[in-house]
**Q** 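Following this message is one structure expressed as structure tokens.
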There are 2 protein chains.
Amino acid sequence: MNLRQLAAHPGLSPTTVSRALNGYPEVGAATRARVAEAAHRHHYRPNTRAKGLATGRAMAIGHVIPTRSRHEIVNPIFADFISGAGERYAAAGYDLLLSVVPDADEARAYRDLKARGTVDGLIVHAPRAEDARIALLHEIGLPFVVHGRSTGAALPYSRVDVNNLRAFRRATEFLIDLGHRRIALVNGLEAMDFALRRRQGYLQALETRGIAADPALMTSGEMTETNGYRAGRAMLAAPDPPTAAVVSSIIMAIGLRRAAEERGLKLGRDVSVVTHDDDLSYLRNGEDDVPMFTATRSSVREAGRIAAEMLLERIRSPGQAPATRLLRAGLVLGQSTGPAPRGARSG
Amino acid sequence: MNLRQLAAHPGLSPTTVSRALNGYPEVGAATRARVAEAAHRHHYRPNTRAKGLATGRAMAIGHVIPTRSRHEIVNPIFADFISGAGERYAAAGYDLLLSVVPDADEARAYRDLKARGTVDGLIVHAPRAEDARIALLHEIGLPFVVHGRSTGAALPYSRVDVNNLRAFRRATEFLIDLGHRRIALVNGLEAMDFALRRRQGYLQALETRGIAADPALMTSGEMTETNGYRAGRAMLAAPDPPTAAVVSSIIMAIGLRRAAEERGLKLGRDVSVVTHDDDLSYLRNGEDDVPMFTATRSSVREAGRIAAEMLLERIRSPGQAPATRLLRAGLVLGQSTGPAPRGARSG
DNA sequence: GAGTCGGCCCAAAACGTTTTGAATGCGGCG
DNA sequence: CGCCGCATTCAAAACGTTTTGGGCCGACTC
């Protein structure tokens, strides 16, 4: 059903029908009603491409999710983040365009999206320190919002982020307060900015309390269950094992728990763990009674919603100064932490 | 950079440039080279919307992922499935459009996509038995491929699926062979077709071996860690607890393991578990040495790749008879299964 | 009663491509 | 020499919208 065909029915011109549907004032109330009725009856929807061509807007937001080419791991938080964002896009009449590209091709993907005019703006995922994409997007001239931060970026940018540094410092201090001295850090890939900042928070806490950081207790890698397990197995088998750990992802924490239990160690009694918890919908921590894990919690779905709103606002009124929304990850007490064992295994 | 602007540069008409770029034969070799060079130099990409308008094709595939409005859980397999599919779309020059809609609005979402001409085809996720969407899409006239099956659907349709019934029958038989008699089923939502068929497989195995099914041992729900935990906790606390379970998702299995360990029971010794394993990229079962879980394994990312290819083929040559690709989930031996305890706790 | 203004509507241009239909120039053939 | 066919190229229409620039008519002002 065309606009022309739709217009022919009540015997009007396409112009008038278009105006009636888009709420322009210069159309009579009676006609507007007739048009609305006809449109409804024929299930009329304006053709996206034609409308976009005429208005110059794509009414779509792009999410470029980079795939580290080696092992093709897709971060499980994407699903929840995108579902949060998608909800807001839908409400505003925007589509969501997903681009899964090997990270080597990422720059080209951005340029393409702009040149082809496919999207009106985009979300930048998994930023690194001094992330090159920020300069690139400024150059290209596409509105964007970063999920996370990029320390040292030369140009300003909008972002929604979690107070990673503070959260991890608090988590580490909490463990220290419980008497732990050998505390491991099981981190995400430290090429990522969020991981860097969590590490800083961890280090600051140790330093403030006069505990020397031990490189043997710090590990970093893709946030998979296997990597959590590996880290746990290696550290717990070492001569002077940690009595506690701060962990960057609940999935890694599950791997770590597996490694502990394999050695007959119980979380919260023999080994304490504080993990970051993105509040993934299929992996709720503490949906029943006491949470399994003590955690720094921040809903990534909520972050998606906020990022979407910020981006839509940037598109609506360009030229605004970049904004920052900081989500605070609260420390949630669970069963995975407890006082350091007396005369800890650390000897 | 326009087509017109691009054409002005080497002093050609838009027509010729368009033809040169799209590989039509009626353009001289020399001109074609000149055009290619100019296009490359100016990073020219044809405007998606204009191209789509002219050709009548959107060069985009839609994925409608329904959100059960109550708790907004997004199935964790979507990320991997979509990443597999997206890879193939990209290779074929297609975009991926994601629609996150409350399942009540799903029909309208499909009609909209068609009416607005936003996509050339789509993937149907999480089909139910006699799923209404199949008839709807036939009526609408959009090519589609179903991920899964819809038993009892009146009309034919293309699909890629796993042999759920056989896999779960085998898994159950395997446990029976190990001496287990009280075997639980921790299933996904049985509104979903895949869950129905897994249940059938489970029941068939019990029946064949002359074991009466016990409703108290069968549970069904959203595939979250919490639900796995709840099922495990309830069943293991019951008077006549199961010695084994078949589980529909590795995430539920992790919850089940947690419940078992809470009672001091060890998987593979006190309780045996066979779980389905979608080979999620961040939750690999058996990346190191022996798999944690004995599992029916089938890569959902691979399913995504195949579904994408089938759909693109359907779009390329319409009118083909619907096709079916059946992936076989092999039974992978892990540490979570062992012989039934002698004089099992079943008393 | 003439002129002006507002309300309502329409024809045509524009967005950036592809595709149709036709034009140009050139060599070869009769 | 005239015609034909071929290889190239181009102008214009088309895709389905929005937007620009009027046009018409009745009511109001003086």
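Each chain gets a letter, A, B and so on, in the order its sequence line appears, and its residues count up from 1. All figures in this text were calculated on a predicted structure; none of them were measured in a lab.
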**Q** Within this structure, what is the CZ-to-C1' distance between A/R45 and D/dG16, rounded to whole angstrom?
**A**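 My rounded result for the distance is 16 Å.
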**Q** Measure from the side-chain heavy atoms of B/A50 and tell me the nearest of D/dT17, C/dT17, C/dT18.
**A**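 Comparing D/dT17, C/dT17, C/dT18 against the side chain of B/A50, the answer is C/dT17.
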**Q** Measure the distance from CZ on A/R4 to C1' on D/dG16 and round it to the nearest whole Å.
**A**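 That distance rounds to 8 Å.
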**Q** Only counting residues at least two apart or in another chain, list the ones meeting salt bridge (charged side-chain N to carboxylate O under 4.0 Å, His left out) with B/R45.
**A**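 Scan of B/R45 (salt bridge (charged side-chain N to carboxylate O under 4.0 Å, His left out), adjacent residues dropped) gives A/D112.
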**Q** Judged by modelled atom types alone, do A/S13 and A/T16 share a side-chain donor-acceptor pair under 3.5 Å?
**A**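 Yes, a side-chain donor-acceptor pair sits under 3.5 Å.
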**Q** Are the aromatic ring centres of B/F144 and B/H138 under 6.0 angstrom apart?
**A**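 Ring-ring flag for B/F144/B/H138: true, centres closer than 6.0 Å.
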**Q** Could you give the CG-to-C1' distance, from B/L53 to C/dC15, as a whole number of Å?
**A**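 One finds 9 Å between C1' of C/dC15 and CG of B/L53, rounded.
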**Q** Write down the distance between CG (B/N47) and P (D/dG16), rounded to a whole number of angstrom.
**A**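 It works out to 17 Å between those atoms.
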**Q** Roughly, in whole Å, what's the span from CG in B/L3 to P in C/dT19?
**A**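 After rounding, the reported distance stands at 12 Å.
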**Q** OP1 or OP2 of D/dG16 less than 4.0 angstrom from a side-chain nitrogen or oxygen of A/N2, does that happen here?
**A**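 Answer yes for this pair, as a side-chain N or O of A/N2 is under 4.0 Å from OP1 or OP2.
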**Q** Could you tell me whether A/H63 and A/F78 have their ring centroids closer than 6.0 angstrom?
**A**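 A/H63 vs A/F78: aromatic centres not under 6.0 Å.
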**Q** Say whether B/D193 and B/T151, considering side chains only, have a donor N or O and an acceptor N or O under 3.5 Å apart.
**A**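 Looking only at side-chain atoms, B/T151 and B/D193 do form a donor-acceptor pair, the distance falling under 3.5 Å.
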**Q** Using whole Å, what does the distance between atom C1' of nucleotide C/dG16 and atom CZ of A/R116 come to?
**A**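 Whole-Å distance recorded here is 14 Å.
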**Q** Look at B/N22 and C/dT18 and indicate whether a side-chain polar atom (N or O) is within less than 4.0 Å of OP1 or OP2.
**A**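 Checking C/dT18 against B/N22, a side-chain N or O does come within under 4.0 Å of OP1 or OP2.
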**Q** Do B/H9 and B/Y44 have side-chain atoms, one donor and one acceptor, less than 3.5 Å apart?
**A**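 Distance-only check fails for B/H9 and B/Y44.
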**Q** Atom CZ of B/R49 and atom P of D/dT18: how far apart are they, to the nearest Å?
**A**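 Rounded to whole Å, this separation is 13 Å.
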**Q** Within the pair B/S18 and C/dT18, is there a side-chain N or O less than 4.0 Å away from OP1 or OP2?
**A**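 True: B/S18 side-chain N/O within range (under 4.0 Å) of C/dT18 OP1/OP2.
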**Q** With the sugar-phosphate defined as primed atoms, P, OP1 and OP2, and the base as all remaining atoms, what B/S/- string results for nucleotides 6-14 of chain C, 5' to 3', for protein heavy atoms under 4.0 Å?
**A** --SBBBB--
**Q** Do B/R301 and B/S83 have side-chain atoms, one donor and one acceptor, less than 3.5 Å apart?
**A**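 Note: B/R301 and B/S83 side chains meet the donor-acceptor criterion.
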**Q** To the nearest angstrom, how far is B/L6 atom CG from D/dC10 atom C1'?
**A**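 Distance, rounded to whole Å: 16 Å.
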**Q** Before you tell me yes or no, could you show the steps for A/E313 and A/R316 under salt bridge (Lys or Arg N to Asp or Glu O under 4.0 Å), namely the whole-Å CA-CA distance, both residues' side-chain angles and the distance that decides it to 0.1 Å?
**A** CA-CA 5 Å; A/E313 178 55 32; A/R316 208 170 297 127; 2.8 Å; yes
**Q** Less than 3.5 Å apart, any donor N or O on the side chain of A/S158 or A/R314 sitting next to an acceptor on the other?
**A**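 Judged by distance alone, the side chains do pair up.
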**Q** Take the C1' atoms of the five end pairs on each side of the helix from C/dG1-D/dC30 to C/dG30-D/dC1, get both axes, and report the angle to 10 degrees.
**A**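 Between the first-five-pair axis and the last-five-pair axis there is 70°.
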**Q** Ignoring backbone atoms, test whether A/Y24 places a side-chain nitrogen or oxygen under 4.0 Å from the OP1 or OP2 oxygen of D/dT19.
**A**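 So the side-chain polar atoms of A/Y24 do come within 4.0 Å of the phosphate oxygens OP1 or OP2 of D/dT19, strictly under.
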